[in-house]
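Numbers for residues simply follow the sequence, beginning at 1. For clarity, every value in this text was computed on a predicted model and none was experimentally measured. Both counts, for ligands and for their atoms, begin at 1 and track the order of listing.
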Amino acid sequence: MSHRVLVLAGDGIGPEVMNETIAVIEQVNAALGIDMTLDHALLGGAAIDATGVPYPDETAAKARQADAIILGAVGGPKWDGLDRSIRPEKGLLGIRSDLQLFGNLRPAILYPQLAQASSLKPDLVAGLDLLIVRELTGGIYFGQPRGFDSTEDGQRRGFNTYVYTESEIKRVAHLAFDLARKRDCRVCSVDKANVLEATMLWREVMNEVAKEYPDVELSHMYVDNAAMQLIRAPKQFDVMVTGNMFGDILSDAAAMLTGSIGMLPSASLDQAGRGMYEPCHGSAPDIAGQGIANPLATILSAAMMYRYSLNESAAADAIELAVGRVLDKGIRTGDIAAGDEPKVSTSEMGASVREALSQHFVK
Ligand code: IPM
Ligand code: MG
């Protein structure tokens, strides 16, 4: 069976890191005899420039046909002045919502080779392996009503709605508990149930779903405390599950524990396991076009794609091993280089991964 994969290179450093990733994908497919068709489409600023909208119909049609999507990054200052309905971020939110990619997996793993790159003391982060499961198609990001209006005394007012239904909470709870079973069997649900009704329901539903998983330990934490605990003692966590906005914030904090957001992949899954895979970093317009971005987060996103949507775990293992090899050899892009360590370019990093893969495949 041929896997249909859609590539959305996007904006900023997206195309640069995607080039390296596609070369890795092609190499792995050839070596393992994996039959895959790669198609391309536009999302975000690139789509606005070409078609006037961030998530064009043609992209939507291709995305709905695909078994998996791999995305670079979207956005940049060039499009910041546009009306909010056609900003690049709308494309990202649009595709997540259109495909019902409700389950966002954001692992934060510290590669022992990079312990020095973390802003925390090495002993606090050595061996860190936590997984944030962020609800991605609900909560305050999508709640209605939202918008701008004005008050009776003529002031401008902006408003959003923080809302979760039982079924939205349930499905992400199941995802988190199922994933915990493949790890250390612990789930920490993060909410603000001391203040917000939507998250009081969140906590209630988490407790209900937990009854179906007697082998998994569930704990609850308020989001402010969770932010503090992530910095104080991050290794206490196994799986963290939380809503859309809290997950956005906590996942950036967790990413930095590992030294570089340039290392972290993510997966966004629907109910059937189809998914979109993207690096946790953004489009990094400040370094776009310079050939210095770290392609490893996107390459590792491809590994997650093989594992979670395509059921090709040998491909995923090979890529992850190759990345480990490259780090062992001390090959570093600027974001993960410590002090005066020499820095390689985006394409040199990609080539090093492919070289490590060749060595892996001849064995
Ligand atoms: C992320 C990003 C997006 C989000 C933005 C670009 C809309 O920050 O994927 O974390 O807030 O979800
Ligand atoms: Mg974010």
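Nearest protein heavy-atom neighbour of atom 1 (C) of ligand 1: Arg106 NH2, 3.3 Å. Shortest contact from atom 6 (C) of ligand 1 to any protein heavy atom: Glu89 CG, 3.8 Å.
Ring geometry for Phe177 versus Tyr213: interplanar angle under 30°, hence parallel rather than tilted (30 to 60°).
Of all atoms in ligand 1, listed by their number and element, those nearer than 4.0 Å to a heavy atom of Arg134 are 1 (C), 4 (C), 9 (O), 10 (O), 11 (O), 12 (O). Atoms of ligand 1 lying under 4.0 Å from at least one heavy atom of Tyr141, given by number and element, are 4 (C), 11 (O), 12 (O).
Distance alone, capped at 3.5 Å, is enough to place a donor-acceptor pair between the Lys235 side chain and the Asp123 backbone. Side-chain atoms of Ser352 do not come within 3.5 Å of backbone N or O of Val326 as any donor-acceptor pair. A donor-acceptor contact shorter than 3.5 Å links the side chain of Arg183 to the backbone of Asp129.
Checked by distance only, ligand 1 and Asp248 come closer than 3.5 Å through their nitrogen or oxygen atoms.
Of all the heavy atoms of His281, none lies under 4.0 Å from any atom of ligand 1, so neither backbone nor side chain is involved.
Looking at Asp98, Asp39, Asp57, Asp67 one by one, the single match for salt bridge (Lys or Arg N to Asp or Glu O under 4.0 Å) with Lys62 turns out to be Asp39.
Both tests do not hold together for Arg134 against Phe246: distance to the six-membered ring centre under 6.0 Å, angle to the ring axis within 45°.
Residue contacts with ligand 1 include Arg96, since one of its heavy atoms falls under 4.0 Å from the ligand.
The Mg ion (ligand 2) has an N, O or S atom of Asp248 closer than 2.8 Å.
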